[in-house]
Amino acid sequence: MLKLEKHKATQPPPPPSLFKLHSLSDTISTNCNMANEKILSYNDVILLQSDLTILKNPCFLNDRIIEFYFTHLSSLHSQQILFLPPSITFWITNCPDTDSLSDFLQPLNLPSKQLIFFPVNNNDDVAVAEGGTHWSLLVFFQTKNLFVHHDSFHGINNHHAKRLYKRVVSYATRDLDDTETRYMEYARTPQQVNGFDCGLYVLAIAKEICRWFDGDGNKNEDDLWFLFVKERVTSISVSGMRMEILELIRSLREKK
């Protein structure tokens, strides 16, 4: 699976902070035991012992963990929701041949979905592995013809999310004319309090948006999911997701 690199010098520097964002390679090399023993095969996702170590420690989430949890959410919620794995989103964003995107995206049938989740990373080079400093989440809501970017750290992934939006917008909308599609950076996205929980915020926000979408009478399509996310995604709830995912893995292993 494609991995991710650190910020390019040409990108805007991150805002001042009391903590440093860690790259995936730095975090794993210093904090995690990179055991490659397979512990779980779940649909198309294979989790390794090293993934458990990442979850048990203050580490930057990798592609596999995000794809695993997205696959889990997909099993719980409406088939009108599509969760794209990080590798697919990464390729859409950075594919050097934009003409080939059509053949790549058409089979996904994006216009048939009401809600689409795109995990965003700040990597720019498809040839570089084990990099990246930040995850964020781009969400498309078909009913409102709206893309919303949620970034848990001062919007430092805004450039990458906007590039992804420009690549995918004409393939996601039902109307061939995508000029009416809107894009917004949601400035009130809950903010992380450390340098390594950005991936957990992506998962926590996606989980609450799914709950909102499937909420029937509790769903307010005018206000969207913003209040839902604000009330439910906190530093405490996000921190607890490491244990939630570990328990989910344990439960699924016991069923094998």
Side-chain angles (χ1 to χ4, degrees), residues 14-24 26-28 30-32 47 50-77 81 83 86 115 117-122 132-139 148-158 161 185-215 218-220 223-252:
S17 172
L18 296 177
F19 55 84
K20 177 184 177 182
L21 288 172
H22 300 289
S23 73
L24 177 55
D26 290 342
T27 301
I28 291 178
T30 57
N31 294 319
C32 300
L47 293 179
S50 56
D51 299 320
L52 292 186
T53 308
I54 288 173
L55 288 166
K56 291 176 181 176
N57 290 276
C59 297
F60 182 96
L61 297 193
N62 61 15
D63 292 31
R64 284 190 303 274
I65 296 172
I66 290 177
E67 184 174 1
F68 164 74
Y69 196 75
F70 270 15
T71 303
H72 168 65
L73 288 178
S74 181
S75 72
L76 298 177
H77 294 283
I81 302 175
F83 300 86
L115 197 62
F117 292 97
F118 303 86
V120 182
N121 198 281
N122 59 355
T133 61
H134 190 52
W135 292 106
S136 59
L137 182 67
L138 182 65
V139 185
V148 180
H149 182 220
H150 289 280
D151 193 318
S152 64
F153 191 65
H154 306 288
I156 66 172
N157 269 8
N158 289 355
E185 302 283 354
Y186 186 60
R188 296 185 179 181
T189 296
Q191 298 292 286
Q192 63 195 83
V193 294
N194 55 46
F196 43 81
D197 275 350
C198 52
L200 291 173
Y201 273 82
V202 166
L203 302 184
I205 291 170
K207 179 175 75 170
E208 298 306 335
I209 293 175
C210 287
R211 287 181 174 178
W212 168 84
F213 184 80
D214 285 343
N218 295 324
K219 182 167 63 176
N220 185 330
D223 296 332
L224 298 180
W225 53 80
F226 300 142
L227 181 60
F228 225 72
V229 167
K230 178 182 177 181
E231 291 179 345
R232 295 169 181 260
V233 178
T234 66
S235 59
I236 295 175
S237 67
V238 169
S239 178
M241 287 200 68
R242 289 187 185 270
M243 184 57 65
E244 175 187 332
I245 299 171
L246 284 168
E247 285 297 313
L248 174 61
I249 294 171
R250 180 192 62 78
S251 174
L252 290 170

**Request:** Starting from the C-alpha separation in whole Å, work towards a yes-or-no answer on side chain to side chain contact (heavy atoms under 4.5 Å, CB included) for Tyr201 and Ser235.
**Result:** CA-CA 9 Å; Tyr201 273 82; Ser235 59; 3.9 Å; yes
**Request:** For the residue pair Trp225 and Trp212, categorise the inter-ring angle as parallel (less than 30°), tilted (30 to 60°) or perpendicular (more than 60°).
**Result:** perpendicular
**Asked** Quick one: salt bridge (Lys or Arg N to Asp or Glu O under 4.0 Å) partners of Glu244, sequence neighbours excluded?
**Response** Lys207
**Asked** Going through the distances and angles, do Leu61 and Leu55 end up as a side chain to side chain contact (heavy atoms under 4.5 Å, CB included)?
**Response** CA-CA 8 Å; Leu61 297 193; Leu55 288 166; 4.1 Å; yes
**Fill in**
Across all chains, not counting sequence neighbours, the salt bridge (Lys or Arg N to Asp or Glu O under 4.0 Å) partners of Arg250 are Glu247, Glu254
**Prompt:** Can any side-chain N or O of Ser239 pair as donor or acceptor with the backbone N or O of Ile236 at less than 3.5 Å?
**Reply:** no
**Prompt:** For Ser251, what residues pass the side-chain contact (heavy atoms from CB on, under 4.5 Å) criterion, not counting sequence neighbours?
**Reply:** Lys255
**Asked** Yes or no on side chain to side chain contact (heavy atoms under 4.5 Å, CB included) for Ile205 and Val139, after CA distance, side-chain angles and deciding distance?
**Response** CA-CA 10 Å; Ile205 291 170; Val139 185; 5.7 Å; no
**Prompt:** Tell me, which pairs form a salt bridge (charged side-chain N to carboxylate O under 4.0 Å, His left out) where one or both residues lie in residues 226-235, sequence neighbours left out?
**Reply:** Glu208-Arg232
**Worked verdict on His150 versus Phe226 for side chain to side chain contact (heavy atoms under 4.5 Å, CB included)** = CA-CA 10 Å; His150 289 280; Phe226 300 142; 4.2 Å; yes
**Item:** Counterpart residues, side-chain contact (heavy atoms from CB on, under 4.5 Å), relative to Ser237 (two or more places apart)
**Value:** Thr234
**Request:** Check whether the side chains of Asp151 and His134 place a donor and an acceptor atom closer than 3.5 Å, and report yes or no.
**Result:** yes
**Non-hydrogen atoms of Ile66 and Pro86 that approach each other most closely** = CG2-CG, 3.7 Å
**Prompt:** Taking atom CD1 of Ile65 and atom OG of Ser50, what is their separation to the nearest 0.5 Å?
**Reply:** 8.0 Å
**Request:** Compare every heavy atom of Phe83 with every heavy atom of Leu73, then report the nearest pair and how far apart it is.
**Result:** CB-CZ, 3.6 Å
**Item:** Parallel, tilted or perpendicular, as decided by the 30° and 60° cut-offs, for the rings of Phe117 and Phe70
**Value:** tilted
**Message:** Using only atom types and a distance under 3.5 Å, with no angle test, would you say the side chain of Glu185 pairs donor to acceptor with the backbone of Ala187?
**Reply:** no
**Listed partners of Asp197 passing salt bridge (Lys or Arg N to Asp or Glu O under 4.0 Å), at least two apart** = Arg242
